[in-house]
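These numbers come from the heavy atoms of this one structure, side chains and all, not from hydrogens, waters or symmetry mates. By convention in this document, chain letters (A, B, ...) are assigned in the order of the sequence lines, proteins followed by strands, and residues within each chain are numbered from 1.
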Protein chains: 2
Amino acid sequence: MAPRTRRSQRRTEALSRERIVEAAVELLDTAGEGGLTFRALTERLATGPGAIYWHVANKEELLDAATDGVVAAALAAERAGSAGRAERADRTQPAESAESVQSAESAQSPDSPQDKIRAIAFGLFGAMEDHPWLPTQLALQLSRSPWGAVTPQIFESIGRQVRALGVPEGHWFTATSALVHYILGAAGQNAANNAAARTLAPDVDRAEFLDTASKAWKELDPDDYSFTRAVAAQMREHDDREQFLAGIDLVLTGITALHLPSERGGTPPPAT
Amino acid sequence: MAPRTRRSQRRTEALSRERIVEAAVELLDTAGEGGLTFRALTERLATGPGAIYWHVANKEELLDAATDGVVAAALAAERAGSAGRAERADRTQPAESAESVQSAESAQSPDSPQDKIRAIAFGLFGAMEDHPWLPTQLALQLSRSPWGAVTPQIFESIGRQVRALGVPEGHWFTATSALVHYILGAAGQNAANNAAARTLAPDVDRAEFLDTASKAWKELDPDDYSFTRAVAAQMREHDDREQFLAGIDLVLTGITALHLPSERGGTPPPAT
DNA sequence: ACCTGAACACCGTTCAAGT
DNA sequence: ACCTGAACACCGTTCAAGT
């Protein structure tokens, strides 16, 4: 069969930065990071490269815009709260996993700051699952301009909940940074796992992939990798979402300890 | 003056994979990620591209090897312990920062697992400072093969200390993953900051850069960025190393809570 | 103001040929 | 077994020219 030309002669809508970024995201999603070229883009948009350069400075800016857009959408969807869970109904929500490490207090109000932090994290987690190129591009953008468009958005979303948590002001920056770093690191690693699973064995399902990886771990050198070998079974058993949540709860527990100095007198926070 | 040709006619040593990777690291360090091209490499090594391809499959493998090497060196240096602190004497050590969040217990033995975890994290932290391209390449390699050569090394190093910490076996995987994610995320972000500071204003020092960034935060929209504005002062004041350590301690506190369920009976860990 | 498309400089990679 | 270097396919980007 002929190479399927995706609706080439659609010149109805005028070219715009929006349409270009949208096409870029589609291309990244379907063809991977290597699939986004100006030639592929011009074909898909039925124009010449010059037209694209009229709306976008260069490829870097295009990738940044794609990254920004996808992250903003994820944060906005989650900010809408338990109400507008549009076009994400399939996604399993936090779900109060049975295994989850409890952060001291027992009964929390249904939409506690903790829950909201989990929700935000899940939103990003899901976005990275939908767009496997996102973690890499996030990393690239961060190394280009760390306080560019994306980080402040995430930082602010998480920070507000940290504040609501009652963390002493002197620790806001530390606590929020720690959470954001964990979330970006964990979500990125996870998306990477998924991408690898898809690439290495597109036909094989997740469980089988984990099984293979687990077996590989068990065959590592006993001297050099005693711990990794010991933990191979756990890694086969683990569920990505539970694992991710458990990590968040771990950090949340640490943060909570900042203003609940247990019985013995902890160092009083240096109120700025 | 003429463009300085770095010792071009050195054909004494035979070409080898080692020498190629070494040259690649040097090129990355001095010329940045865009500076590593096969043409620059051939010039530096005084050969043709074919010679390089005899020792290395492609550019991806070359970058992976460079990343592996640098990470392995960092881990090895730290594994050597407080004894062999070779060629890193300038580096400030963990230093028991006064501000550091204490993880419950008061007096810890000089080389507790906590200290070792901090040392490993610092080693990676330092490697990313020396090699600004490392975080990006780490992210890229992770998204190519998450359980390739690098991650297991880091995972094993940290995991051993988690085990030594007395964490119940059922939580080894979770605790170690959380730490590794935080470390990679935080160190990466930090290196990104440094790279940005160097790029945007090579002549300006760190303090001035932080000051500028802080002022920019204070001018954000009060509605959209109330938290970020409130925290702008803290971010100007913050010291990278202290900040990084404080985050580690936060996670460590959360992990410690796993097996020190305080007074009230916490959920007993599901011993596998 | 917006778009066209040929042309340019540069890149990773290959391969027939040498030693 | 190891190296040479011309050649190839492809990429991001430019720019004179059109409407």
Side-chain angles (χ1 to χ4, degrees), chain A residues 3 5 7-28 30-67 133 136-137 140-141 143-145, chain B residues 3 5 7-28 30-67 133 136-137 140-141 143-145:
Chain A
T5 29
R7 59 212 162 85
S8 307
Q9 39 266 42
R10 263 255 232 136
R11 63 241 160 160
T12 3
E13 255 177 299
L15 204 54
S16 70
R17 193 186 152 95
E18 246 181 27
R19 260 177 61 78
I20 294 172
V21 173
E22 185 189 340
V25 170
E26 285 175 27
L27 224 33
L28 284 165
T30 56
E33 325 212 12
L36 177 60
T37 68
F38 275 84
R39 279 163 178 77
L41 213 47
T42 55
E43 197 187 339
R44 198 182 185 88
L45 294 168
T47 49
I52 294 173
Y53 276 95
W54 178 260
H55 296 277
V56 159
N58 49 36
K59 190 176 186 182
E60 209 169 81
E61 191 187 298
L62 181 56
L63 283 165
D64 282 356
T67 306
W133 48 272
T136 300
Q137 286 310 317
L140 286 173
Q141 181 173 352
S143 67
R144 280 195 295 262
S145 59
Chain B
T5 28
R7 60 212 161 83
S8 306
Q9 39 265 41
R10 262 255 230 135
R11 65 261 166 140
T12 2
E13 254 176 301
L15 205 53
S16 69
R17 192 185 152 95
E18 246 181 27
R19 261 177 59 78
I20 294 172
V21 172
E22 185 189 340
V25 170
E26 284 175 28
L27 225 33
L28 285 166
T30 56
E33 326 212 13
L36 176 60
T37 66
F38 273 84
R39 278 165 178 77
L41 213 46
T42 56
E43 196 186 338
R44 197 181 186 86
L45 294 169
T47 49
I52 294 174
Y53 276 95
W54 177 258
H55 295 279
V56 160
N58 49 36
K59 192 177 185 181
E60 208 169 83
E61 190 187 298
L62 181 57
L63 282 166
D64 282 356
T67 306
W133 48 272
T136 300
Q137 286 309 317
L140 286 174
Q141 181 172 352
S143 66
R144 280 195 295 263
S145 59

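- Atom pair B:Glu33:CD and C:dG12:P shows a separation of 13 Å (rounding to whole Å applied).
- Rounded to an integer number of Å, the gap from A:Leu45 CG to C:dT4 P is 10 Å.
- Nucleic acid contact for B:Leu41: none, since no nucleic acid atom lies under 4.0 Å from a heavy atom of the residue.
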Q.
Just to be sure I follow the notation: if a pair is Watson-Crick (purine N1 to pyrimidine N3 plus N6-O4 or O6-N4) or a G-U wobble (N1-O2 and O6-N3), each under 3.5 Å, what dot-bracket string does DNA chain D give, with | for pairs to another strand?
A. ||.|||||...|||||.||
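- For the segment residues 48-55 of chain A, residues with any heavy atom less than 4.0 angstrom from an atom of DNA chain C are, sorted by number, A:Gly48, A:Pro49, A:Gly50, A:Ala51, A:Trp54, A:His55.
- Remark: P of D:dC3 and CG of B:Leu15 are 5 Å apart, rounded to the nearest angstrom.
- Of the candidate nucleotides C:dG12, D:dG12, C:dT4, D:dG12 has the atom lying nearest to any side-chain atom of A:Lys59.
- Annotation: the span from B:Leu140 atom CG to B:Asp64 atom CG amounts to 9.0 Å, rounded to 0.5 Å.
- The shortest heavy-atom contact between A:Glu26 and A:Arg44 is OE1-NH2, 2.7 Å.
- For the pair B:Leu36 CG and C:dC10 C1', the interatomic distance rounds to 15 Å; values are reported in whole Å.
- The CD atom of A:Glu43 sits 14 Å away from the P atom of C:dG5 (whole-angstrom rounding).
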Do any N or O atoms of the protein come closer than 3.5 Å to N or O atoms of nucleotides 17-19 of chain C, and which pairs are they?
none

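- A:Thr67 and A:Gln137 get closest at one heavy-atom pair: OG1-CB, 3.4 Å.
- Other residues, nucleotides and ligands place no more than 12 heavy atoms under 6.0 Å from the CD atom of B:Glu18.
- In this structure, B:Leu45 and B:Ala23 approach most closely via the heavy-atom pair CD2-CB, 3.9 Å.
- Between the CZ atom of B:Arg39 and the P atom of D:dT4 there is a distance of 16 Å, rounded to whole Å.
- Between A:Ala40 and A:Thr37 the shortest heavy-atom distance is N-OG1, 3.0 Å.
- In this structure, CD1 on A:Ile20 lies 11.0 Å from OH on A:Tyr53, to the nearest 0.5 angstrom.
- B:Asn58 is not listed as a side-chain neighbour of B:Phe38, based on a closest heavy-atom distance of 4.5 Å or more.
- Separating the CZ atom of A:Arg19 from the P atom of C:dC3 is a distance of 10 Å, rounded to the nearest angstrom.
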**Q.** From CA spacing to verdict: side chain to side chain contact (heavy atoms under 4.5 Å, CB included), A:His55, A:Arg19
**A.** CA-CA 10 Å; A:His55 296 277; A:Arg19 260 177 61 78; over 6 Å; no
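- Minimum interatomic distance between A:Leu28 and A:Ala66 (heavy atoms only, all atoms of both residues): CD1-CB, 4.4 Å.
- When rounded to the nearest whole Å, the span between CD1 of B:Ile20 and P of C:dT13 equals 13 Å.
- Closest approach of B:Leu15 and B:Ile52 over heavy atoms only: CD2-N, 4.5 Å.
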